Amino acid sequence: MLRVYNTLTGNKDLFEPMVPGKVRMYVCGVTVYDYCHIGHARSALVFDVLRRYLEYSGLAVEFAKNFTDVDDKIIKRANEQGVSCERITTTYIQAYYDDMDKLGVRRATLEPRATAHIADIIALVEILVAKGMAYRVEGDVYFQVDRYPVYGRLSKRKMDDLQAGARVDVDERKRHPMDFALWKGSKPGEPSWDSPWGPGRPGWHIECSAMAMRHLGETFDIHGGGMDLIFPHHENEIAQSCGATGKEFARYWVHNGFVQINQEKMSKSLGNFFTIREIFDKSEWPDAVTGEMLRYFLLSTHYRSPLDFSDQSLAEAKNALNGFYDLFDRLKETAPDRGSADLPLRETMGRARQAFVDAMDDDLNTPSAVAALQKLRGDTNKALDAGLSGDTRRLVREEFRRVGAVLGLLQSDDWQFKSQPKRTASGTSAGEKAGLSDEEIGAKIAARLAAKQSKNYKLADQLRAELASQGVTIEDRPDGTSRWKR
RNA sequence: GGCGCCGUACCCAAGUGGCUAAGGGAGCAGUCUGCAAAACUGCGAUGCGGCGGUUCGAACCCGCCCGGCGCCUCCA
């Protein structure tokens, strides 16, 4: 049984969906005004894996992830570039999909956009106004936090503490410094919709409440996002949603930790961020390989811990993955009908799967889950040395594929070993590697084999060196033939 | 000022009261190999930031200290 850390309770709670067999989850997506960075990748990946694991556990998952497509930053960006807001949001939604596809992040089952839910938003604000929990100031509508007595229960903050930290430029028209905008009257030139309070646009927090309720119901199971959303975003969502319905909003609140650069938070304001596409562009490996490297890297730390990004950590992920794909190559070799390690390995597979499930059940402990796969890799290599039948080889490869699918790893049939490295802009090491075709490599290997058979090791080594200079590595089999990889 | 997090070997990273402190990467040595590569075997923290305390027993609980970080403002 899965236990997840619930920010609301501060505990690892046993996860039990409201409706047996069915999970409804909502994750705060991105504001589409710029390219996504690795932090967005981490968040998307964490919830992608949560979703995959819930499905693996036999649950049907209804997964909503929104696009915030009306917002101050979008308006600002549109004005800077002299284009419409639609132009900006369309561009970056597409960029988001491109990036997420490369990372292997599956699409959510629902991807609502704020601008498509204005009526829901207005209806929700009207309820809050009618209940006396919101008030109008000119064209704006504010949520009145002191009308929601348990405000602060998610972030464990007291109203008094919050006052002390309130910003200098508090809007004097607000009744309480922490009151927040539900509806903003729009200035000329800004996107606007008609409302009972005049032309305007939604505040940031209200859209998530309205869309989550529209698609998942007033109460649903899981609500997720980055740690930084706990306050004020999710706190405000709770206040306005629970305020409006009188019911609990989300039951489990799940938050992922940050990606850091040199122990520091990565963020736009600090300017120390890497975009996802920048990482792919810089990589010397094909996109599929780079994507898996990134996934492995991002999952090798527990989702709530800070994670330091560096070229070295990516390279380590690559090396770790090479080990799996080396094994898969070995498993593809022709094999006898029976092997002495067949039965023991099948038992080992069962234990490995249990270890994997136990790790994932413990608040999505992906590092421990990956360790279980690594353990199985070692055991399988040993079994291979001892003797493994073709059937068992296929079986264990399928096991890696099935369990790896939960993490979105180990699915490839031609790792970088057999695909052409792409040329980098600089045309250096990786560019040179791209030289030889499979046929040319095959010819050189055949020539080397002939040289070996005639004990002309000098020529054989020369041919191997030529291949090596093109980035091709040879592995000789016991029977004298060779396999190769780039 | 308020709330909270982190500090485990060269690097990454699990473990949070009780057998020999997972796993990976890198390194070194060995087996195999014509030599390599891959694989396998072995080595690698008497120790878990420091000092005290609780306990039969602590990396795990408590206190203090040192170091680093986050939120309180848009932010995954």
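In what follows, chains are A, B, ... by sequence order, proteins preceding strands, each numbered from 1. Remember, predicted model here, so these are calculated numbers, not experimental data. We use all heavy atoms of the structure for the numbers below, so side chains are in, but hydrogens, waters and symmetry mates are not.
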Discussion item. Tell me whether the rings of A:Phe220 and A:Phe249 are parallel (<30°), tilted (30 to 60°) or perpendicular (>60°).
Written reply: perpendicular

Worksheet item: Who does B:A14 pair with, Watson-Crick or G-U, both distances under 3.5 Å?
Response: none

Worksheet item: Taking for each residue the nucleotide of RNA chain B with the nearest heavy atom, is it A:Phe258 or A:Tyr296 whose nucleotide lies nearer the 5' end?
Response: A:Tyr296

Item to complete: Before accepting this row, confirm whether a basic side-chain N of the pair A:Arg295/A:Glu292 lies closer than 4.0 Å to the acidic partner's carboxylate O.
Response: no

Worksheet item: From B:A76, B:C69, B:C35, pick the nucleotide closest to the side chain of A:Arg464?
Response: B:C35

Practice prompt. For A:Asp461, report the nucleic acid contact type (base, sugar-phosphate, nothing); a contact means any heavy atom under 4.0 Å.
Written response: base

Discussion item. Applying the Watson-Crick and G-U wobble criteria at under 3.5 Å, what pairs with B:U20? Answer none if nothing qualifies.
Written reply: none

Item to complete: Let me know the distance between CG of A:Asp326 and P of B:C40, rounded to the nearest Å.
Response: 10 Å

Worksheet entry | Watson-Crick/G-U partner (both atom distances under 3.5 Å) of B:C69 | B:G4

Worksheet item: Between atom CG in A:Asn66 and atom C1' in B:A76, what is the gap in whole Å?
Response: 12 Å

Fill in: Residue matched to B:U46 through Watson-Crick or wobble contacts both under 3.5 angstrom
none

Discussion item. Do the side chains of A:Asp361 and A:Lys12 get close enough for a salt bridge, i.e. N-O under 4.0 angstrom?
Written reply: no

Worksheet item: When the ring centroid of A:Tyr92 is compared with that of A:Tyr35, is the distance short of 6.0 Å?
Response: yes

Discussion item. Regarding B:C3, can its base be found pairing with the side chain of A:Lys158 as donor and acceptor, where the two atoms are less than 3.5 Å apart?
Written reply: no

Worksheet entry | For B:C51, the Watson-Crick or wobble counterpart (both distances under 3.5 Å) | B:G63

Practice prompt. Kindly indicate whether the side chain of A:Asn262 and the base of B:C69 share any N or O donor-acceptor pair separated by less than 3.5 Å?
Written response: no

Response to the item:
Checking N1-N3 plus N6-O4 or O6-N4 for Watson-Crick, or N1-O2 and O6-N3 for wobble, each under 3.5 Å, the partner of B:C40 is B:G30

